[in-house]
Structures are given as structure tokens and as C-alpha cells.
Amino acid sequence: MPELPDVEAFRRVLAEHTGDPITGVRVRDPGVLRDVGPRRLDRALRGHRFGTPRRHGKRLLAPAEGPVLTFHFGMTGSLSWHSHDDEPHPHDRVVLSLEDGELRYRDMRKLQGIRLMENEAEAEESLSDLGPDATEIPRGDFDALLARRRGRLKTVLTDQSALAGLGNLLADEICWHARVNPLRPARDLDDDERAALYRAMRRVLRESVKAGRVPPRRSWLTGVRDRPDGTCPRHDVPLSRERMSGRTTVWCPRCQPR
DNA sequence: TTGCATGTTCCGGA
DNA sequence: GTCCGGAACATGCA
């Protein structure tokens with residue numbers, strides 16, 4: 001699930017539970033730990049308190065009075081709050097216990113996972129492979145980014161090193177809102193189209209962040225894209241789809257012509 | 001059994 | 001250097 005809005009929702013979960021000491025870390029499946037083992041993780045966090053968490057793109061950083069825990073959710077990761085006696089889910093991989101409850105990192109496929117940074121500087125450095133966050137990029141930088149790339153628009157929007165936070169669903173949703181075909185070469189877009197894309201990005205992100213996910217409304221592409229008989233919410237036209245490098249791209253052939 | 005899934009990385013080839 | 005596609009990672013579901 002996780003794209004920028006989902007990770008933002010996980011950030012809120014974490015933000016509600018800062019300030020209480022971490023009483024212990026239970027690793028139920030070390031397969032989600034990257035470059036750190038269960039013992040070192042527990043030693044680094046036990047007795048510490050989480051400070052204000054922050055998000056960049058799809059990454060979540062949780063400072064803990066020195067060390068910084070970083071979450072990268074892959075396709076199936078999540079972070080949720082539970083009471084101690086809540087039955088664990090089979091995909092709960094790491095449990096961070098606090099006094100009045102616990103945070104659970106759940107992840108079915110374990111494609112990415114949790115890292116431990118020694119300090120703020122290292123945490124900051126770990127973000128250096130990412131472009132500007134999609135909620136913060138200025139219009140001018142967005143324009144320049146599109147103008148300089150000859151690859152497909154969809155590829156640019158989902159390139160985390162160029163623009164951080166957009167995934168498969170969001171990129172298609174934004175292109176649909178802007179009425180621009182995602183397979184067009186990015187640098188071929190004219191000013192109006194770039195403006196429409198930027199506006200669509202802001203609007204889609206604002207509403208998705210509010211919902212904590214890309215909302216599957218019937219009036220949005222996301223609400224209909226997975227139906228076998230899916231038609232464009234604006235027209236009664238069957239949606240077009242194409243697989244590109246293992247992901248399905250969906251668009252409306254009428255409002256987003258090639 | 002096969003194909004697909006909202007992420008990312010690595011590799012080869014154009 | 002840029003761009004693309006394919007395979008891989010690990011797991012479940014239709």
C-alpha cells in the first residue's frame with residue numbers, strides 16, 4: 001500500500017506516541033531488519049523516547065534521543081498502535097513496546113524494512129538518494145524536472161531520486177486528473193500541461209494525505225482502475241492499460257490521448 | 001497453476 | 001550519461 005499519503009498516516013501514528021520510554025523491542029522476524037540485528041536494535045532503543053517523527057517521500061524517520069529509526073515500507077509495510085494484549089498478526093515483524101501500548105511494524109512481503117541510524121547526520125545522509133518531497137517541490141523545479149527528461153512522464157513522476165513520494169497509483173491518478181497521458185515523453189509537455197500536472201499533484205496529494213491513503217472514490221481513477229469493466233469516471237469509455245516494467249499503468253483514452 | 005500486487009535494486013542492452 | 005525492460009526480492013490471493 002504505502003505511497004506518500006500512507007506513510008504520512010504512519011507518521012501520525014508515531015507522532016501520537018512520542019515522549020514515553022521504549023520498554024523493549026521484540027523482533028518476531030529479523031527478515032525486515034537491514035544492517036542491524038535484534039540485539040543492537042533493542043540496546044539502541046530501550047529506555048529512549050521517540051521525538052517528533054518526520055517523513056521524506058515514502059521514508060519515515062523516528063528520532064529516539066540519539067539514534068534514528070528509519071522505516072521503508074515497501075509494498076506491504078505498515079505501522080499501527082495496539083494494546084499489549086491485542087492478538088499479534090502473523091505479519092507483525094517488529095514490535096516496539098511503550099508503557100501503555102505498542103507500535104507494530106507489519107509487513108507481509110518484507111521487500112524493504114527497518115534501519116537504525118547512529119545519529120541525525122547519518123539519518124540525513126540516508127535521504128540523499130531521494131529527490132525533493134512531492135508535497136514540497138516548487139512549481140519551477142517541477143517544470144525544470146519535466147523539461148529535462150526525455151523518458152516517459154510516468155517514469156519521471158515515480159523516480160524517487162527525482163521526486164520523492166509518488167508511486168504507481170498516485171502517478172496514474174495525477175495524470176488522469178491533469179488529463180495528460182502518462183506515456184508521453186516528459187519534455188514534450190507544454191506549459192499548460194505542466195501547470196495542470198502540478199495542480200493535479202497538489203490536489204491529489206492534499207486529499208490523499210487527508211485520507212491517509214489514495215482514496216478509492218468512484219469519481220477518481222483509483223476507485224475504478226481495478227475493476228475488470230472499469231470505465232473512466234468522466235466518460236463511459238473503457239480504461240486503457242499497459243504494463244511497464246512490472247507495473248500496470250492505467251489511463252483514459254479519451255481524456256488522456258497519446 | 002498462473003498472473004498479479006500501491007516498492008526498489010541490479011543488470012544488460014540500445 | 002540516458003533510457004528501457006526484465007528479473008529478483010518474499011508472500012498471498014483470485
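Protein chains get the first letters and strands the later ones, always in sequence-line order, with residue 1 at the start of each.
Classified by interplanar angle (parallel below 30°, tilted 30° to 60°, perpendicular above 60°), the ring pair A/Phe73/A/Phe71 is parallel.
If you take CG of A/Leu4 and P of B/dT8, they are 11 Å apart, rounded to a whole angstrom. The interatomic distance linking A/Arg115 (CZ) with B/dT8 (C1') rounds to 11 Å, in whole Å. A/Leu111 has its CG atom 11 Å from the P atom of C/dC9, to the nearest Å. For A/Asn168 and B/dA5, the CG to P distance is 8 Å, given to the nearest whole Å. Here the P atom of nucleotide B/dT8 and the CG atom of A/Leu127 are 13 Å apart, to the nearest Å. C/dT11 atom P lies 10 Å from atom CG of A/Asp107, rounded to whole Å. Per the geometry, CE belonging to A/Met244 stands 17 Å off C1' belonging to C/dA7, to the nearest Å. The distance between atom CZ of A/Arg34 and atom C1' of C/dC9, rounded to the nearest whole Å, is 9 Å.
Here the CG-CG distance, from A/Asp29 to A/Asp92, works out to 11.0 Å after rounding to the nearest 0.5 Å.
In the set C/dC3, B/dT8, C/dT11, the nucleotide with an atom closest to the side chain of A/Met108 is C/dT11. Looking at the side chain of A/Arg150, the nearest of the listed nucleotides C/dC4, B/dG7, C/dG1 is C/dG1. Closest approach to the A/Asp129 side chain among B/dT8, B/dT9, C/dA10 is made by B/dT9 (side chain taken as heavy atoms from C-beta onward). Comparing atom distances between the A/Lys58 side chain and each of C/dC3, B/dT9, B/dG7 picks out B/dG7 as nearest.
Counting only N and O atoms by type, the side chains of A/Ser161 and A/Asp129 include no donor and acceptor under 3.5 Å apart. Under 3.5 Å, the side chains of A/His82 and A/Ser80 contain a donor-acceptor pair of N or O atoms.
Annotation: of the two residues near DNA chain C, A/Arg148 and A/His91, the 5′-most nearest-nucleotide partner is A/Arg148.
At least one side-chain nitrogen or oxygen of A/Thr248 sits closer than 4.0 Å to the OP1 or OP2 atom of B/dA5. The phosphate of C/dT2 has neither OP1 nor OP2 within less than 4.0 Å of any side-chain N or O from A/Arg152. Put simply, A/Gln160 has a side-chain N or O that comes within less than 4.0 Å of OP1 or OP2 on B/dT8. Put simply, A/Lys110 has no side-chain N or O that comes within less than 4.0 Å of OP1 or OP2 on B/dG7.
As judged by a 4.0 angstrom heavy-atom cut-off over every strand, A/Thr155 is placed among residues touching the sugar-phosphate backbone only. Contact annotation for A/Arg59: no contact, since no heavy-atom pair falls under 4.0 Å across all strands.
With A/Arg104 as the partner, the side chain to side chain contact (heavy atoms under 4.5 Å, CB included) test is satisfied by one option alone out of A/Leu79, A/Leu96, A/Val13, A/Asp86: A/Asp86.
Judged by distance alone, with hydrogens and angles left aside, the side-chain atoms of A/Thr23 form a donor-acceptor pair with the main-chain N or O of A/Ser97 at under 3.5 Å.
Across C/dG6 and B/dG3, the matching C1' atoms stand 16 Å from one another, rounded to whole Å. Straight-line distance between the P atoms of B/dC4 and C/dG5: roughly 16 Å, to the nearest whole Å.
Judged by distance alone with a 3.5 Å cut-off, a donor-acceptor contact links the side chain of A/Arg247 to the base of B/dG7.
Using Watson-Crick or G-U wobble geometry with both donor-acceptor distances under 3.5 Å, C/dG6 finds its partner in B/dC10.
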